[in-house]
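Written out below as C-alpha cells is the structure these notes cover.
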There are 2 protein chains.
Amino acid sequence: MKTPEPEEERSLHMDRASTSTVTRLSSYLRLLRELEAEDLETISSKLLAERTGVTSAQVRKDLSVFGNFGRRGLGYNVHRLRDEIREILGLHHTWRVGLVGAGNLGQALYSYEGFGRQGFPIEAVFDTDPDKVGSSWNGLEIKHFEEFTRVARRKPFEIVILAVPGEVAQEVVDTVVAEGTRGILNFASAKLDVPPGVAVREVDLSIAMESLSFALSR
Amino acid sequence: MKTPEPEEERSLHMDRASTSTVTRLSSYLRLLRELEAEDLETISSKLLAERTGVTSAQVRKDLSVFGNFGRRGLGYNVHRLRDEIREILGLHHTWRVGLVGAGNLGQALYSYEGFGRQGFPIEAVFDTDPDKVGSSWNGLEIKHFEEFTRVARRKPFEIVILAVPGEVAQEVVDTVVAEGTRGILNFASAKLDVPPGVAVREVDLSIAMESLSFALSR
DNA sequence: AGATGTGAAAGTTTTCACAGCC
DNA sequence: GGCTGTGAAAACTTTCACATCT
C-alpha cells in the first residue's frame, strides 16, 4: 500500500490544465506584473477577471487546477501569485532558444526584443542561404543549418523558433527533434509531425488574417 | 407569412461556425491549393483529414456548416471546394490593410511578404516616432499616426495590423475603430476593448513561448 | 461582509456510427 | 464498396451558486 506522493498529486492536477487555461495564466501573469509595479498587495478574482477580460469563476477555476493560492475573504497576494504562476509556467528555468530561418520573418523575430525581455533570448541563428551564412546580426553570426547538430550536441536547444518556408519545415523539425528540441514555435505554414513529448505552437499569420476576413464578410 | 430567404438560412448556418472551424477551413484551403497544383481532381474527407491533422468526421462537420459540397461515394471536388472555402472566408473581396507601428516588429511584418501573397497587402504604415515618420520602406512613406484619420476618411482601412507598445494600443484602437476599421490583428500585449461588430485576433508571442515553457516543464 | 474553492449545471466542441446516396 | 452528411453520444470547457473560511 502506497501513500500518494505530493508529486503524483500535482501531476494529476496538471493534467486538468487545458491550453486555454495556460494561455489565461500568461495573461494573469502579465497583469500581476503591472499590479506589482503599482505596489498593490492583494487582488480579487473579480478584479483579475475584469482586467483580463474573463469571468471571476474562470480565474478561480484556472488557479485551482494548480493549488489554493487565495485566502477567503481577502483575495490573492499579488507577489505570491505572480511567483506561483511563474513557477507553473516554468519561467524560473532559462530555456535555450535557437532560431532557424534568417529570412524577413526570422530577422524580424530576431530584432524584436520581446523574446529576450520575456526570458527567451535567441542564442543562435541558422539558415542555409550562402548569402546569409557568415554575416552577423548584432554580433551574432548566422550559422549554416548543417552546423545545427554539432552546436546542439554541445548543448541542446530546448526550444526552436521555426521561420523557414513550409516546404522544408518538416525536414528541419526532424533534425532539431533528433538533437533534443522539445518545443517548437512554428511560423511556417505547414502541418508538422512530431513525436510524443514534443510541443508545437503555431503562429500562423495567414490563418489569422483569413479569420478576420471571415468575420468581416458577415 | 414570409418564406425564409436563402440569406437567412445561410446566416443561420454561419452562426454555427466556431473560431476553430474557421481556423481549420484555412488549413483545408492551404492543402487544397497544393492539391490543385498537383492536378488532383477529388479528395475524400479522410485524406483531407490525414493531411491536415484532424479527423475525417471533423472535416465533414466543418464543411457541413456551410453547405453540402461533397458527393457520397466520391468525395469533394478539389477545385470546387477550394472556391467555396475562399468564398466562405471572404477571400474574393480585397481588404484594405493598414499597419500601425513601425518598430522592429512592424518592419518585420511589413517586409514579410506573406501578407501580400495571401491577398492582404499593406497599403499604408503609421507611426508617431519623428525619426521614422517621413522615411520610406520600399517606396512607401511612413506617415504620422495623426494622419490616420485624414487618410482613412478618403478610404477606410477595413483591417489594421497593430504592432505598437501595449501602453498605447487601446488609444490606437479607439481611433481606427472610429474611422471604420472592423478587423484588428493585435500583436500588442494588451487586452483590447472594442465595440460589438469589431473582430480582434491576437498574436501574442510571449504567450506562445510561455505555453511552450509550461509544456517543457512537465 | 467579502471572497475563495468547487461540485453540479449548462454550454460548446468533437467523435461515433450509420442511414443514404454514388 | 466507398464516402458523405448528420443526429446522438461523449468529451471537454465555462458558468452558476453556495458552503466555507477570514
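Keep in mind that the numbers below use all heavy atoms, side chains included, and drop hydrogens, waters and symmetry copies. So you know, we letter chains A, B, ... as the sequences are listed, proteins then strands, and number each from 1.
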Taking [atom1] from [X] and [atom2] from [N], how many angstroms apart are they, rounded to a whole number?
{"X": "B/L63", "N": "D/dC3", "atom1": "CG", "atom2": "P", "value": "16 Å"}
{"X": "B/Q58", "N": "D/dG5", "atom1": "CD", "atom2": "C1'", "value": "14 Å"}
{"X": "B/K61", "N": "C/dT12", "atom1": "NZ", "atom2": "C1'", "value": "12 Å"}
{"X": "B/F66", "N": "D/dT6", "atom1": "CZ", "atom2": "C1'", "value": "16 Å"}
{"X": "A/D62", "N": "C/dT4", "atom1": "CG", "atom2": "C1'", "value": "14 Å"}
{"X": "A/F69", "N": "C/dT4", "atom1": "CZ", "atom2": "C1'", "value": "13 Å"}

For [X], does the [atom1] atom have more than 12 heavy-atom neighbours from other residues, nucleotides or ligands under 6.0 Å away?
{"X": "B/E123", "atom1": "CD", "value": "yes"}
{"X": "B/R71", "atom1": "CZ", "value": "no"}
{"X": "A/E41", "atom1": "CD", "value": "no"}
{"X": "A/E171", "atom1": "CD", "value": "no"}

Nearest to side-chain heavy atoms of B/Y76, which nucleotide of C/dG5, D/dT4, D/dT6:
D/dT4
Minimum-distance nucleotide (side-chain atoms of B/R60 versus D/dA8, C/dA17, C/dT6)
C/dA17
Taking only nitrogen or oxygen atoms into account, show me every contact under 3.5 Å that the protein makes with nucleotides 20-22 of chain D, one pair per line with its distance.
| from | atom 1 | to | atom 2 | distance (Å) |
| --- | --- | --- | --- | --- |
| D/dT20 | O2 | A/R72 | NH1 | 2.8 |
| D/dT22 | O4' | A/R72 | O | 3.1 |

ring-ring contact (aromatic ring centres under 6.0 Å, His included) with B/Y110: which residues, sequence neighbours excluded?
B/W137
What residues in residues 23-55 of chain B put a non-hydrogen atom under 4.0 Å from any atom of DNA chain C?
B/R24, B/T55
Would you say the side chains of A/S206 and A/D204 form a donor-acceptor pair under 3.5 Å?
yes
Do we see a donor-acceptor contact under 3.5 Å between the side chains of A/S18 and A/T21?
yes
Are B/F148 and B/F126 close enough that their ring centres sit under 6.0 Å apart?
yes
Find the distance between CG (B/L99) and CZ (B/F115) and round it off to the nearest 0.5 Å.
8.5 Å
